[in-house]
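Everything on this sheet refers to the single structure shown next.
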There are 2 protein chains.
Amino acid sequence: MLQLSKKVEYGLIALRHMAMKPMGQVFTAKELAKEYDMPYDLLAKVLQKLARHGIVASLQGVRGGYALAKKPTEVTVSLIIRVIEEERPMVAECYTDGPASCYLFGNCTIRKPLGKLQRNLNVLFDTMTVQEIV
Amino acid sequence: MLQLSKKVEYGLIALRHMAMKPMGQVFTAKELAKEYDMPYDLLAKVLQKLARHGIVASLQGVRGGYALAKKPTEVTVSLIIRVIEEERPMVAECYTDGPASCYLFGNCTIRKPLGKLQRNLNVLFDTMTVQEIV
DNA sequence: TAATATAGGACTGTTAAAGTCTGATTTATG
DNA sequence: CATAAATCAGACTTTAACAGTCCTATATTA
Ligand code: SF4
Ligand code: SF4
């Protein structure tokens with residue numbers, strides 16, 4: 001419960017790796033997967049998403065790969081999760097998918113109080129950056 | 001991602017309901033389920049767990065039911081989750097189930113940094129009580 | 001043009017969450 | 001004392017999200 005998904009963990013590990021080396025250095029999905037023993041296909045998908053959203057820059061073709069495109073201080077855990085999961089980390093389903101997603105919505109008495117928890121969570125994830133995990 | 005489980009939500013809704021009424025009042029699982037349109041069987045299980053851990057007191061037999069056994073200020077969301085899920089809310093699998101639970105453990109570079117996130121999370125859940133959701 | 005890399009999507013497998021069902025036990029009450 | 005109403009306990013099924021795999025297309029270097 002409340003665990004980060006494997007995809008997010010793979011993304012964090014890869015981004016941290018890049019952040020440790022000189023800015024602009026290029027890494028292939030293959031070498032990253034091998035280095036940390038992550039499933040290549042899955043990591044590749046994650047890196048592609050990060051590339052689409054400009055967190056890393058991708059270079060295709062032979063000698064291609066990925067390089068960090070933002071400063072480690074600018075990439076928050078919140079952003080990484082949003083990009084990889086394609087949604088914000090929320091404590092309740094209805095926060096993400098709206099009233100129709102939960103049949104309890106009409107008589108739910110905890111939705112509003114949980115908002116406080118959510119806001120505090122947001123602060124946590126918005127505050128933590130890749131810089132903090134190098 | 002990061003959502004509270006339905007069981008926890010059911011538990012919170014039920015506990016809040018009890019906390020709204022005079023201390024010691026007895027409610028049956030049936031009426032609670034009906035009032036908020038929650039699945040009876042599932043809610044019953046949740047209440048049983050809460051009873052086993054002394055959060056609510058149970059009365060068997062006809063005219064039985066459940067009553068809040070602790071003050072709303074004493075019941076944290078953290079405790080509710082631990083009781084219902086039978087584990088603490090953790091950001092990483094290995095925190096809950098140990099090194100053997102994750103094959104990345106040996107070369108995981110994000111485990112320690114995530115500890116900071118975890119500690120902040122703990123504070124959030126330890127701080128919020130049933131009193132705050134009435 | 002061959003080799004190597006990303007890009008994208010479809011597909012399958014696995015697991016945890018959610019829900020259901022059955023039966024036993026307890027206890028107030030007529 | 002019999003009945004009904006409630007908790008208690010566990011097994012079971014269903015569902016949906018997550019994790020992982022596979023295949024093909026495209027881009028780029030050498
Ligand atoms: S139970 Fe309440 S808070 Fe949870 S998803 Fe449904 S409406 Fe939202
Ligand atoms: S990836 Fe790292 S932090 Fe996540 S569960 Fe595995 S060892 Fe723990």
Side-chain angles (χ1 to χ4, degrees), chain A residues 1-11 13-14 26-34 36-67 69 81 83-87 89-90 92-93 96-97 101-104, chain B residues 1-11 13-14 26-34 37-67 69 81 84-87 89-90 92-93 96-97 101-104:
Chain A
M1 177 161 212
L2 290 179
Q3 278 172 22
L4 301 180
S5 70
K6 278 283 178 246
K7 282 193 288 191
V8 168
E9 292 194 317
Y10 297 154
I13 288 173
V26 174
F27 307 85
T28 67
K30 194 175 176 181
E31 66 182 298
L32 288 169
K34 189 167 186 183
Y36 297 100
D37 197 27
M38 301 183 278
Y40 167 77
D41 290 295
L42 204 40
L43 176 62
K45 290 261 168 298
V46 167
L47 288 167
Q48 283 164 29
K49 277 190 183 169
L50 293 174
R52 260 181 260 146
H53 288 82
I55 295 172
V56 298
S58 74
L59 295 166
Q60 293 198 348
V62 176
R63 317 227 35 192
Y66 299 92
I81 294 175
V83 164
I84 296 179
E85 300 292 342
E86 298 179 353
E87 65 182 35
M90 298 285 193
E93 190 179 14
T96 308
D97 303 324
S101 64
C102 179
Y103 62 98
L104 290 181
Chain B
M1 178 166 212
L2 289 179
Q3 278 173 22
L4 300 180
S5 70
K6 276 286 177 244
K7 282 192 289 190
V8 167
E9 291 193 318
Y10 297 153
I13 288 172
V26 174
F27 307 86
T28 67
K30 196 175 176 182
E31 64 181 301
L32 288 169
K34 190 167 187 185
D37 197 26
M38 301 183 279
Y40 166 77
D41 289 295
L42 204 40
L43 176 62
K45 290 265 168 297
V46 167
L47 288 168
Q48 283 164 29
K49 276 189 183 170
L50 293 174
R52 260 180 258 146
H53 289 81
I55 295 171
V56 298
S58 75
L59 294 168
Q60 293 200 346
V62 176
R63 319 226 36 190
Y66 300 92
I81 294 176
I84 296 178
E85 300 292 343
E86 299 179 353
E87 66 182 33
M90 298 283 195
E93 189 178 14
T96 308
D97 303 325
S101 63
C102 179
Y103 63 98
L104 290 181

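These numbers were taken from a predicted model, which means no experiment stands behind them. Below, chain A is the first sequence line, B the second, and so on; all start at residue 1.
Of the candidate nucleotides D/dA30, D/dA27, D/dT7, D/dA30 has the atom lying nearest to any side-chain atom of A/R63. Of the candidates D/dA9, C/dT20, C/dA5, the closest approach to any side-chain atom of B/R52 belongs to D/dA9. With D/dG20, C/dT6, D/dA6 as the candidates, the nucleotide lying closest to the side chain of A/L42 is D/dG20. Nearest to the side chain of B/T28, among D/dA6, C/dT6, D/dC8, sits D/dA6. Side chain of B/A51, nearest nucleotide from D/dC8, C/dG19, C/dT20: D/dC8. Comparing C/dA18, C/dA5, C/dC21 against the side chain of A/K30 picks out C/dA5 as the nearest. Which of D/dT7, C/dC21, C/dT6 sits closest to the side chain of A/A29 comes down to C/dT6.
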Test salt bridge (charged side-chain N to carboxylate O under 4.0 Å, His left out) on A/K34 and A/E31; report intermediate values, then the result.
CA-CA 5 Å; A/K34 189 167 186 183; A/E31 66 182 298; over 6 Å; no
Step-by-step side-chain contact (heavy atoms from CB on, under 4.5 Å) determination, A/Y66 to A/L32:
CA-CA 10 Å; A/Y66 299 92; A/L32 288 169; 5.6 Å; no
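Contact annotation for B/A44: no contact, since no heavy-atom pair falls under 4.0 Å across all strands. Counting any heavy atom pair closer than 4.0 Å across all strands shown, A/L47 reaches no nucleic acid atom. Residue B/Y10 is in sugar-phosphate contact alone, with no base atom involved, counting any heavy-atom pair closer than 4.0 Å across all strands shown.
At whole-Å resolution of the value, OH in B/Y66 and P in C/dT26 are 15 Å apart. In this entry the distance linking CG of B/L104 with P of D/dG20 reads 9 Å, nearest Å. Remark: P of D/dA19 and NZ of A/K49 are 11 Å apart, rounded to the nearest angstrom. Regarding A/I55, its CD1 atom lies at a distance of 17 Å from the C1' atom of C/dT6, rounded to whole Å. In this structure, NZ of B/K6 is placed 13 Å from C1' of D/dA16, rounded to the nearest angstrom. Here D/dA17 presents its P atom at 15 Å from CG of B/L2, a figure rounded to the nearest Å. The distance from atom CG of B/D97 to atom C1' of C/dA16 is 12 Å, rounded to the nearest whole Å. To the nearest angstrom, P of C/dA16 lies 16 Å from CE of B/M1.
For D/dA6, neither phosphate oxygen OP1 nor OP2 lies less than 4.0 angstrom from any side-chain nitrogen or oxygen of B/Y40.
Both A/E87 and B/G61 sit near DNA chain D, but only B/G61 has its closest nucleotide nearer the 5' end. Between B/Y103 and B/V62, the one whose closest nucleotide on DNA chain D sits nearer the 5' end is B/V62.
Within 3.5 Å, a donor on the side chain of B/K45 pairs with an acceptor on the base of D/dG10, or the reverse.
Side-chain atoms of B/K49 come within 3.5 Å of backbone N or O of B/I84 as a donor-acceptor pair.
A donor and an acceptor atom, one from each side chain of B/Q48 and B/S58, are nowhere located under 3.5 Å apart.
Nearest heavy-atom pair across B/P89 and A/L2 is CB-CD1, 3.1 Å. Between A/A92 and B/E9, the shortest heavy-atom distance links the atoms CB-OE2, 3.8 Å.
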